[in-house]
Trainee: 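I have a structure here, written as structure tokens, and I will follow up with some questions on it.
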Amino acid sequence: MTVRTRFAPSPTGYLHIGGVRTALFNWLLAKQAGGQFILRIDDTDAQRNQDEALKPILEGFRWLGMDWDEGPEVGGPHQPYCQSQRLESYQAAVKKLLDAGLAYRDYATAAEMTAEREAAEKSKTDFVYSRTWMAETDQQAAAFEAQQRSYVVRLKMPRAGKCQFKDLVVGDVSVDWATEADHAIQRADGTCLYHLANVVDDAEFEITHVVRGIEHLSNTPRQIFIARGLGYALPQYAHIPYVAEPGSKKKLSKRKIAEYLNNKDFKRLYQSGADVAERIGLETDPATFSPVLVDFYQQIGFVPEAVVNYLLLLGWSLDDKTETFSRQEMLDGFSLNRVVKSAASFDPQKLIAFQSRYFECLPLKRKTKLCKKYLEQANVTANPIDCDHLVKLKSIIEAAGDRISMAGDVLKFDDFFVEDDQLVYDSKAWQKRMVKPEQAGFLIGELYKVLNVEQDFSADALEVAIKGFCESQGIKIGDIIHALRVSVTGKAAGFGMFDTLEILGRDAVLNRIGGSLDRLADQKKSESAV
RNA sequence: GGCCCCUUCGUCUAGUGGUUAGGACACCGGCCUUUCACGCCGGUAACACGGGUUCGAGUCCCGUAGGGGUCACCA
């Protein structure tokens, strides 16, 4: 039997990190068995949008490398894959259930239903619908209709016995049928509800394994009831725990995104993303730009493989050691019986660690390609970038090493690209390294003379020259290098000094040193005037 | 509240009756060093609690507590 799994997002416009993990498990399960992964769009509720809201979701899947075999844009033998277009199947199923006496027309008003529910609550008993407005025959229906009532279709659930099934993650499940309410499957306007649509689609798409969030566990008995009523073979169920909020065990929720900023680690991740996003002109409202959403990572330059690897380990492990998985290793190693039964909270720091690890291993070419985009979009370079700058970028990426751990980080080194007279000095660093040490100005001035006549501006040659200079001055390299760094980059920290000088090149180095000396002189003059 | 589920370092987890309770992220200290990182070395840190069963319990049973999920003409 071919394994067929599915993921069924609602077109909300956002691809949620917890949802992606569920999708990943589905994808892995199908692909490792040579089966199919299907994307179905659950839009029974939606009048709205569709295409617009669907786009970021599909884009997210593509970015993550989780291709779907059937679904929107790729089609497939069971089209259409949007529930809004499958009404006929659902209505046929409802009719079948009605004919079999497994469902009925219910003429209760919303108020009457609520009243019964509240009464049950008050007397602290389980709510069991009285079926007062149930119509099983046309005469009964006619009588209710004479009262101007309209109907929904409800499941006529058993009120004795148990529903038992085996869940691949949870284990054996047993529920009293009596605790299951008569759920509505068709609205008054004739459209169908989720449970019905879900079961019909799963059967028609020949889904063999339903892997979904544990919040659906309690939906399973009624879905089994529907499936049996319709004569379908039951799929295997696997209910996986939800992904929890950072630092808590509550389910991660789209609606509470802004709240998560209270978590320190979450906020740090958000902030590092927002820093990049602002530079390239993206919206940074935490309600839509958030580490809970997949496109956040796409936008700030994460490596999709890193995100997938992190997600894989959120609630699943192969053994006591293995952390890094190639795509093939995931496919070989994944199994539902090693899914952890308790909820796992989302840990931004660990995700960042995976990202750093993955980015570091990328070949220079791919790093360059990823970083380039950010310089262009932030208008640090021309768009598209010119040849000189591209060469410079490569040198920067090499010299920066793991100081760049996501592509957007390249913007931290934008000082290499600014015009020499536009260089911005970090005021603290300037004060500490240039102004405060008495000798700094003098030494930098002397060094300028040496560099001015230095022919070879390679890092190696510069190292020799500058070390020689230090010896001649009777100072240690630490006595001048900090001032030099501030002088040419404006910053207190950065990568190797000699690499920095080489990348900047002769003209920029001399210009910048000259500029900083002028600035220093101006500052001293105005200070002594006061 | 009813029903159901979960509970090992701060976090993700390994562990299927006998382990100095292992790994990873984070954190702390040291080394390296021209800064910041990296790297290397080292360290702190966990079986929710209470009863059983057993020669022996993180592992099995019962209870308690805590956390969570779910109870729609949402999905």
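Note that these values count all heavy atoms, side chains included, but never hydrogens, waters or copies made by symmetry. Proteins come first, then strands; the chains are lettered A, B, ... in the order of their sequence lines, and each starts at number 1. Worth saying up front: this structure is predicted, and the values here are computed from it rather than measured.
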Trainee: Considering heavy-atom distances to RNA chain B, does A/L314 or A/R433 have its closest nucleotide positioned more toward the 5' end?
Mentor: A/L314
Trainee: Of A/C82, A/S10, A/P80, which is the lone residue that meets side chain to side chain contact (heavy atoms under 4.5 Å, CB included) with A/I41?
Mentor: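 Per the side chain to side chain contact (heavy atoms under 4.5 Å, CB included) rule, the option paired with A/I41 is A/C82, out of A/C82, A/S10, A/P80.
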Trainee: Hey, would you say the A/F495 and A/F416 ring centroids sit under 6.0 Å apart?
Mentor: yes
Trainee: Choose from B/rU34, B/rU35, B/rU11 the nucleotide whose nearest atom is closest to any side-chain atom of A/A493.
Mentor: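 Comparing B/rU34, B/rU35, B/rU11 against the side chain of A/A493, the answer is B/rU35.
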Trainee: What's the base orientation of B/rC38: syn (chi within 90° of 0) or anti?
Mentor: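 B/rC38: syn.
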Trainee: With rounding to the closest Å, how many angstrom separate the C1' atoms on B/rG10 and B/rU19?
Mentor: 24 Å
Trainee: Just how far, in rounded Å, is P of B/rA75 from CD1 of A/I41?
Mentor: 14 Å
Trainee: Give a yes or no on whether the backbone of A/A8 and the side-chain of A/R40 come within a donor-acceptor separation of less than 3.5 Å.
Mentor: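 Here the side-chain-to-backbone pair does not exist.
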Trainee: Give A/F346 one of three labels, base, sugar-phosphate or nothing, depending on what nucleic acid heavy atoms sit under 4.0 Å from its own.
Mentor: nothing
Trainee: For A/H216 and B/rC3, what is the distance between atoms NE2 and P respectively, to the nearest whole Å?
Mentor: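 That distance rounds to 23 Å.
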Trainee: Which of these nucleotides, B/rC73, B/rU34, B/rC38, is closest to any side-chain atom of A/A188?
Mentor: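 For A/A188, the side-chain atoms sit closest to B/rC73.
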Trainee: At less than 4.0 Å, is any side-chain N or O atom of A/S345 found next to OP1 or OP2 of B/rU11? Yes or no.
Mentor: no
Trainee: Checking A/Y242 side chain against A/K249 main chain: does a donor-acceptor pair fall under 3.5 Å?
Mentor: yes
Trainee: Between B/rU34 atom C1' and A/L501 atom CG, what is the distance in whole Å?
Mentor: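 Going from A/L501 (CG) to B/rU34 (C1'), I get 11 Å.
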Trainee: Using atom P of each nucleotide, how far apart are B/rU13 and B/rG2 to the nearest Å?
Mentor: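 It works out to 30 Å between them.
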Trainee: Which part of the nucleic acid does A/G496 contact within heavy-atom distance under 4.0 Å: base, sugar-phosphate only, or nothing?
Mentor: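 A/G496: base contact, heavy atoms under 4.0 Å.
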Trainee: Report yes if at least one side-chain N or O of A/R154 is closer than 4.0 Å to OP1 or OP2 of B/rC73; otherwise report no.
Mentor: yes
Trainee: Output a table of nitrogen or oxygen pairs between the protein and nucleotides 57-68 of chain B separated by less than 3.5 Å.
Mentor:
residue: B/rG68; atom: O2'; partner: A/Y242; partner atom: OH; Å: 2.1

Trainee: Counting the atoms with a prime plus P, OP1 and OP2 as sugar-phosphate, which does A/H195 contact under 4.0 Å by heavy atoms, base, sugar-phosphate, or nothing?
Mentor: base
Trainee: Start at the 5' end of RNA chain B and walk down; is the nucleotide closest to A/A400 or to A/Y310 reached first?
Mentor: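 So the residue in question is A/Y310.
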Trainee: Is the shortest distance from a Lys or Arg side-chain nitrogen in A/R131 or A/D182 to a carboxylate oxygen in the other one below 4.0 Å?
Mentor: yes
Trainee: Counting only side-chain N and O atoms of A/R338, is one of them less than 4.0 Å from OP1 or OP2 of B/rG15?
Mentor: yes
Trainee: If you measure from the C1' atom in B/rA46 to the same atom in B/rG23, how many Å do you get, rounded?
Mentor: 14 Å
Trainee: Is it the case that over 12 heavy atoms from other parts of the model lie below 6.0 angstrom from the CD atom of A/E471?
Mentor: no
Trainee: Of the candidate nucleotides B/rC4, B/rA75, B/rA14, which contains the atom at the shortest distance from the side chain of A/L217?
Mentor: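 Closest nucleotide to the A/L217 side chain: B/rC4.
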Trainee: Scan the side chains in residues 190-201 of chain A for donor-acceptor partners under 3.5 Å anywhere in the protein, sequence neighbours excluded, and list what turns up.
Mentor:
residue: A/T191; atom: OG1; partner: A/R187; partner atom: NH1; Å: 3.0
residue: A/T191; atom: OG1; partner: A/D189; partner atom: OD1; Å: 2.6
residue: A/Y194; atom: OH; partner: A/H216; partner atom: ND1; Å: 3.4
residue: A/H195; atom: ND1; partner: A/Q223; partner atom: NE2; Å: 3.0
residue: A/H195; atom: NE2; partner: A/R222; partner atom: NH1; Å: 3.1
residue: A/D201; atom: OD1; partner: A/R86; partner atom: NE; Å: 2.5
residue: A/D201; atom: OD1; partner: A/R86; partner atom: NH2; Å: 3.3
residue: A/D201; atom: OD1; partner: A/Y90; partner atom: OH; Å: 3.1
residue: A/D201; atom: OD2; partner: A/Q83; partner atom: NE2; Å: 2.9
residue: A/D201; atom: OD2; partner: A/Y90; partner atom: OH; Å: 2.6

Trainee: Could you tell me how far apart A/E360 (CD) and B/rA37 (P) are, to the nearest whole angstrom?
Mentor: 15 Å
Trainee: Please report the distance, rounded to the nearest Å, between CG in A/N309 and P in B/rU13.
Mentor: 14 Å
Trainee: Starting from C1' on B/rA72, measure out to CD on A/E180 and report it in whole angstrom.
Mentor: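 That distance rounds to 14 Å.
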Trainee: Once the angle between the rings of A/Y129 and A/W133 is folded into 0 to 90°, is it parallel (under 30°), tilted (30 to 60°) or perpendicular (over 60°)?
Mentor: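 Judged by the thresholds at 30° and 60°, the geometry between A/Y129 and A/W133 is parallel.
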Trainee: Taking protein heavy atoms under 4.0 Å as touching, what does nucleotides 19-28 of chain B look like 5' to 3' if B marks base contact, S marks sugar-phosphate-only contact and - marks none?
Mentor: ---BSBSS--
Trainee: Out of B/rC12, B/rC73, B/rU34, which has the shortest distance to the side chain of A/A184?
Mentor: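 Nearest to the side chain of A/A184 among the choices is B/rC73.
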Trainee: Looking only at the aromatic ring of each residue, does the gap between the centers of A/Y81 and A/F205 stay below 6.0 angstrom?
Mentor: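 Between A/F205 and A/Y81, the centre distance is under 6.0 Å.
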Trainee: I'd like to know if A/D479 pairs up with A/K476 as an ion pair, taking the criterion as any Lys NZ or Arg NE/NH1/NH2 lying under 4.0 Å from an Asp or Glu carboxylate oxygen.
Mentor: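 A salt bridge is absent here (no side-chain N lies under 4.0 Å from a carboxylate O).
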Trainee: Could you tell me whether A/W316 and A/F25 have their ring centroids closer than 6.0 angstrom?
Mentor: no
Trainee: In this structure, how many angstroms lie between the C1' atom of B/rU13 and the CG atom of A/L312, rounded?
Mentor: 12 Å
Trainee: Any idea which of B/rA37, B/rA75, B/rC12 is nearest the A/D402 side chain?
Mentor: B/rA37
